Q: 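Starting off with a structure, shown below.
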Amino acid sequence: MVGAVLQLAGAALDAQVPQRDTTRRDSVRAAGDTLVVPVPPQEDAPIRDSLPAAVALDTLRDTLQAPLARAELPVALEIGDAYRWDRDALFASGALTLAELLERIPGFNSFTSGWISTPSAGAFIGDAARVRVFHDGVAIDLLDPREHGIPDLADIQIWTLEEVLVERGATELRVHLRSWSVERIVPVTRTDVGTGDQRTNVFRGFYGKRWRNGAAFQAGGQQIGSNAEYPFGADGDELSFFARAGWARGPWSADGFLLSARRSRSAQPSYTTFDALPGLDRTRALAYVRFGYGDPAAGLWAQTIASAQRVSAEYADEDDAFERSLAQYIATGGFTRWGLRLSGTARLRAGDDETSVSGAGRLAWERSFAGIAALVERDEADTVDRAEISARISPFSWLSLTGAVGRTLEDHSGIARLSGGVPDPFDPGLVVVAQDEVTYARGELGVRVRGTWIGAGVLTRTESRLAGLGIFDPAYAAVHDAEATGVFGTARGRLWRDVHVDAMVTVWDSASYYRPRWQTRTTLALVTRWLSRFPSGDFGLRFAVTHAYRSDVLFPTADGTRTAPGLYETGQVVNNSVSTHLEIRIADATLYWQLRNVTGKYTEEVPGFLRPRQTNLYGVRWEFTN
């Protein structure tokens with residue numbers, strides 16, 4: 001397959017104009033709002049002879065149109081680069097789910113029961129309810145009762161995204177997603193094909209185009225499935241698609257968006273006496289209509305969004321199917337200039353004969369030497385009041401100090417309405433009060449050594465009630481947890497020449513619920529375009545090796561505590577893995593190969609469920625212009 005792709009790539013170079021801008025600045029001259037790019041013919045295959053004249057002219061005169069409205073991305077006051085991925089970096093990360101992408105962040109732990117068809121959840125400082133996701137400004141609501149108030153991060157369609165920003169708030173992780181959008185008149189098409197172990201197959205396609213009158217159209221689809229071998233189930237597949245139609249002219253824009261995904265899987269057996277994860281057939285959909293003015297990154301801006309989310313599902317262990325939908329109406333706007341950002345958001349939810357109103361206000365100011373950001377929020381849907389403030393001071397280019405403090409005041413739905421509180425089901429000696437006030441804090445000091453930022457910090461939280469991971473087993477209910485304090489270290493950036501590092505280690509004062517005492521993740525990557533050999537920039541190479549480790553994790557139940565990893569029937573289950581990821585780009589085609597869990601040992605993140613052993617996943621992503 002690799003030989004065939006390389007041969008086709010060579011032919012494509014003779015017949016296409018690459019989308020990437022590989023010309024020098026002085027070889028491009030502006031003509032109004034049109035870029036005229038002179039491309040000299042090659043001796044072996046003249047472009048003018050291999051493309052129709054009309055196509056070649058449209059390619060060389062590619063007009064950029066005004067962008068469609070984009071969701072606000074808050075100020076992320078980090079040491080070095082923020083935890084932010086653009087479209088290319090998302091695919092180059094090798095992450096198959098949002099949970100895998102977030103594993104790089106100190107204090108976060110991902111939990112997956114098997115391969116790609118099984119649920120995936122994440123916990124921040126041991127609390128799975130402290131991870132929230134916003135898609136183009138729409139808060140992803142939890143509509144499936146079988147998830148017990150925990151987002152299934154495997155259902156987030158990261159393949160549709162243009163950008164991901166993780167806001168490390170003191171009290172939680174807020175993940176902001178921007179969907180893919182196009183600004184070019186010349187059509188852009190991409191095809192992804194992949195296959196691998198566990199009989200895994202991936203097929204994906206994109207199409208996007210703008211017109212000179214400002215109109216826009218985009219569409220994409222993905223089919224991904226696997227047939228995992230026992231005991232790594234479950235077998236399953238997912239078919240998802242999205243479409244967008246819109247218009248933008250100057251600061252004004254309007255667009256409509258639809259994203260739908262249908263996932264089906266068989267039951268996943270447990271190698272212990274724990275209950276199997278039931279099979280399902282579930283469809284999730286998100287749709288919205290948005291009107292916008294201005295750009296959240298500059299000047300005055302405002303947006304209104306009318307959205308709807310819907311879930312319909314059938315579970316193998318239930319006779320009745322269910323369906324639930326929720327409307328969300330959003331008005332947001334703000335002002336950005338001189339490093340100052342002001343914004344406010346009002347959110348109305350309507351569904352199940354109930355309505356709730358939530359609001360949030362932000363204030364931020366940032367310069368190269370310092371920055372400050374504040375958030376105040378009232379979320380009636382989750383009955384949480386939240387206040388946070390964070391700051392960064394960088395007196396020198398090689399030294400930076402950041403800190404954040406926050407407080408939440410949370411009603412425990414149902415329990416909160418009992419004036420005297422009720423006993424905690426895990427410890428009758430404890431009483432859950434009507435309102436739970438929790439304080440969070442984070443501090444970090446970073447030093448830049450050449451191109452690498454090396455940081456050390458501390459995370460702390462007062463006593464709190466943690467949400468249970470009922471998405472894997474209803475026995476994992478909410479539980480009271482004592483005060484927690486952990487220290488962490490990071491190293492991120494260019495280590496030496498073309499070698500980059502992204503490393504994290506977190507150590508807590510003790511092992512506790514959904515939080516290992518020790519956790520490390522280290523990635524060393526060689527990233528080069530080999531410009532001395534390919535000055536056009538049409539070649540790229542990335543080879544990464546990742547080692548991940550975490551100590552035992554406790555899963556509390558009313559009858560006791562389960563531990564992951566546990567003991568498999570044929571031997572010890574390890575809690576560390578080594579994986580590799582290779583990507584080779586030739587013009588607009590990228591070959592990739594992931595080898596996960598090189599050692600082939602059994603690993604376990606959720607008690608009773610094993611993850612696949614050594615797993616290969618390889619394929620090609622190929623983008624076309626015209």
Side-chain angles (χ1 to χ4, degrees), residues 81-124 131 133 135 140 151-168 173-180 190 192 194 196-198 200 202 204 220 222 224 226 238 240 261 263 492 500-504 519-525 527 542-548 550 577-583 590-598 603 605 611-612 615-621:
D81 295 333
Y83 289 94
R84 186 172 184 171
W85 296 264
D86 62 14
R87 184 170 173 77
D88 290 336
L90 274 172
F91 288 96
S93 70
L96 299 180
T97 65
L98 182 60
E100 291 185 356
L101 191 68
L102 301 181
E103 289 176 346
R104 299 152 174 81
I105 300 175
F108 177 87
N109 290 103
S110 65
F111 301 97
T112 302
S113 61
W115 189 222
I116 57 176
S117 298
T118 58
S120 181
F124 181 61
V131 179
V133 181
H135 192 290
I140 301 301
D152 186 351
L153 300 181
D155 279 338
I156 304 299
Q157 305 298 314
I158 62 176
W159 67 274
T160 67
L161 302 179
E162 178 178 83
E163 192 169 7
V164 175
L165 172 68
V166 179
E167 183 185 7
R168 280 203 304 163
L173 293 183
R174 291 178 289 274
V175 185
H176 301 271
L177 314 178
R178 278 180 173 175
S179 57
W180 176 56
R190 204 181 90 184
D192 301 354
D197 296 336
Q198 308 298 325
T200 303
V202 181
R204 189 183 299 129
Q222 173 182 267
I224 183 170
S226 67
E238 181 181 73
S240 55
R263 168 179 291 193
R492 303 171 64 212
H500 297 250
V501 63
D502 187 353
M504 175 272 295
Q519 180 185 10
T520 66
R521 188 182 189 278
T522 303
T523 298
L524 291 175
V527 183
R542 183 181 189 275
F543 178 70
V545 179
T546 299
H547 174 266
R550 61 183 173 191
S577 64
V578 177
S579 302
T580 62
H581 184 195
L582 172 66
E583 294 212 345
T590 301
L591 302 169
Y592 66 88
W593 174 34
Q594 293 188 44
L595 178 56
R596 296 183 169 220
N597 196 7
V598 173
T603 60
E605 295 181 356
R611 302 208 65 193
T615 306
N616 288 274
L617 187 64
Y618 48 90
V620 61
R621 305 191 299 269

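A quick note: this is a predicted structure, and the numbers were derived from the prediction, not measured.
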Q: How far apart are the C-alpha atoms of R542 and E583, what are their side-chain angles, what is the distance that settles it, and do they pass the salt bridge (Lys or Arg N to Asp or Glu O under 4.0 Å) test?
A: CA-CA 5 Å; R542 183 181 189 275; E583 294 212 345; over 6 Å; no
Q: Taking R611 for the side chain and G114 for the main chain, is one N or O donor matched with an acceptor at less than 3.5 Å?
A: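 Yes, the answer is positive, given that a donor and an acceptor are paired below the 3.5 Å cut-off.
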Q: For the backbone of G196 and the side chain of Q198, can you confirm whether one donor and one acceptor N or O come within less than 3.5 Å of each other?
A: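 No, because the side chain of Q198 does not come within donor-acceptor range (under 3.5 Å) of the backbone of G196.
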Q: Do T200 and W115 pair up side chain to side chain, a donor and an acceptor below 3.5 Å, judged on atom types alone?
A: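 There is such a pair between these side chains.
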Q: Tell me whether R492 contacts the main-chain N or O of H500 through its side chain, where contact means a donor paired with an acceptor under 3.5 Å.
A: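 No; zero donor-acceptor contacts below 3.5 Å.
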Q: Kindly say whether T160 contributes a backbone atom to a donor-acceptor pair with the side chain of Q222 at under 3.5 angstrom?
A: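 Flag not set: sc Q222 to bb T160 has no pair under 3.5 Å.
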Q: So, the side chain of D152 versus the backbone of S120: is there a donor-acceptor pair under 3.5 Å, distance only?
A: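 Yes; judged by distance alone, with no hydrogens or angles, the pair exists.
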Q: Can you confirm whether T522 sits close enough to T546 that some side-chain heavy atom of one is under 4.5 Å from a side-chain heavy atom of the other?
A: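 No. Closest side-chain heavy atoms not under 4.5 Å.
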Q: Within the 4.5 Å heavy-atom criterion, are T97 and I158 side-chain neighbours or not?
A: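 No; the side chains remain at least 4.5 Å from each other.
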Q: Carefully, step by step, assess R87 and V164 under the rule side-chain contact (heavy atoms from CB on, under 4.5 Å).
A: CA-CA 8 Å; R87 184 170 173 77; V164 175; over 6 Å; no
Q: Counting C-beta onward and ignoring hydrogens, is there a side-chain heavy-atom pair between F108 and V131 closer than 4.5 Å?
A: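 Counting from C-beta outward, F108 and V131 do come under 4.5 Å.
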Q: For the residue pair R550 and F111, would you count it as a cation-pi contact if the rule is NZ or CZ under 6.0 angstrom from the ring centre and within 45 degrees of the ring axis?
A: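 So R550 does make the cation-pi contact.
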Q: Given side chains that start at C-beta, do those of L617 and L96 come closer than 4.5 Å, heavy atoms only?
A: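 Yes - at least one pair of side-chain heavy atoms lies under 4.5 Å apart.
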Q: Contact between I156 and L177 at the side-chain level, heavy atoms closer than 4.5 Å - yes or no?
A: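 SC-SC contact between I156 and L177 confirmed.
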Q: Can you check whether T112's main-chain N or O pairs, donor with acceptor, with E605's side chain at less than 3.5 Å?
A: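 Yes; at least one donor-acceptor contact below 3.5 Å.
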Q: For the residue pair I116 and R263, what are the closest heavy atoms and their distance?
A: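 In this case the closest contact between I116 and R263 is O-NH2, 3.8 Å.
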Q: Taking NZ, NE, NH1 and NH2 as the nitrogens, is one of them in R178 or E163 under 4.0 Å from a carboxylate oxygen of the other?
A: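 A salt bridge links R178 with E163.
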Q: Give the minimum heavy-atom separation between H581 and F91, together with the two atoms involved.
A: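 So the minimum-distance heavy-atom pair works out to CE1-O, 4.2 Å.
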Q: Within the structure provided, determine whether H547 and T523 are in side-chain contact (heavy-atom separation under 4.5 Å).
A: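 No; the side chains remain at least 4.5 Å from each other.
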Q: Which residue pairs satisfy the salt bridge (charged side-chain N to carboxylate O under 4.0 Å, His left out) criterion with at least one member in residues 106-120, sequence neighbours excluded?
A: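 Salt bridge (charged side-chain N to carboxylate O under 4.0 Å, His left out) check on residues 106-120 returns no pairs.
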Q: Is there a donor-acceptor contact under 3.5 Å from the side chain of R104 to the main chain of L101?
A: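 Yes, the answer is positive, given that a donor and an acceptor are paired below the 3.5 Å cut-off.
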Q: Before you tell me yes or no, could you show the steps for L165 and Y83 under side-chain contact (heavy atoms from CB on, under 4.5 Å), namely the whole-Å CA-CA distance, both residues' side-chain angles and the distance that decides it to 0.1 Å?
A: CA-CA 6 Å; L165 172 68; Y83 289 94; 6.0 Å; no
Q: Which atom pair, heavy atoms only, marks the closest approach of S240 to Q157?
A: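 Looking at all heavy atoms of both residues, the closest pair is OG-OE1, 3.3 Å.
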Q: Got a salt bridge between R596 and E100, using NZ or NE/NH1/NH2 to carboxylate O under 4.0 Å?
A: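 A salt bridge is present here (some side-chain N lies under 4.0 Å from a carboxylate O).
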Q: When you measure from the side chain of D197 to the backbone N and O of N616, does any donor-acceptor pair fall under 3.5 Å?
A: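 Yes.
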Q: Of all heavy-atom pairs between N597 and S577, which one has the smallest distance, and what is that distance?
A: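 Shortest heavy-atom contact: OD1-CB, 4.0 Å.
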Q: Would you say I105 and M504 make side-chain contact, with heavy atoms under 4.5 Å?
A: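 Side-chain contact under 4.5 Å: no.
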Q: Just wondering, do S179 and H135 contact through their side chains at under 4.5 Å, heavy atoms?
A: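 They are in side-chain contact.
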Q: Between T590 and V620, is the side-chain contact (heavy atoms from CB on, under 4.5 Å) condition met? List the steps.
A: CA-CA 5 Å; T590 301; V620 61; 5.9 Å; no
Q: With a sphere of 6.0 Å drawn around CH2 of W180, does it hold more than 12 non-hydrogen atoms of other residues, nucleotides or ligands?
A: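 Counting neighbours around CH2 of W180, more than 12 heavy atoms of other residues, nucleotides or ligands fall under 6.0 Å, so yes.
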Q: Which distance, rounded to the nearest 0.5 Å, do you find between the CZ of F124 and the CG of L173?
A: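 One finds 4.5 Å between CZ of F124 and CG of L173.
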Q: Verify side-chain contact (heavy atoms from CB on, under 4.5 Å) between Y618 and Q594, making sure each step is shown before the conclusion.
A: CA-CA 6 Å; Y618 48 90; Q594 293 188 44; over 6 Å; no
Q: Where is the tightest heavy-atom contact between A121 and L153, given as atom of each residue plus distance?
A: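 That closest heavy-atom pairing would be C-CD1, 4.2 Å.
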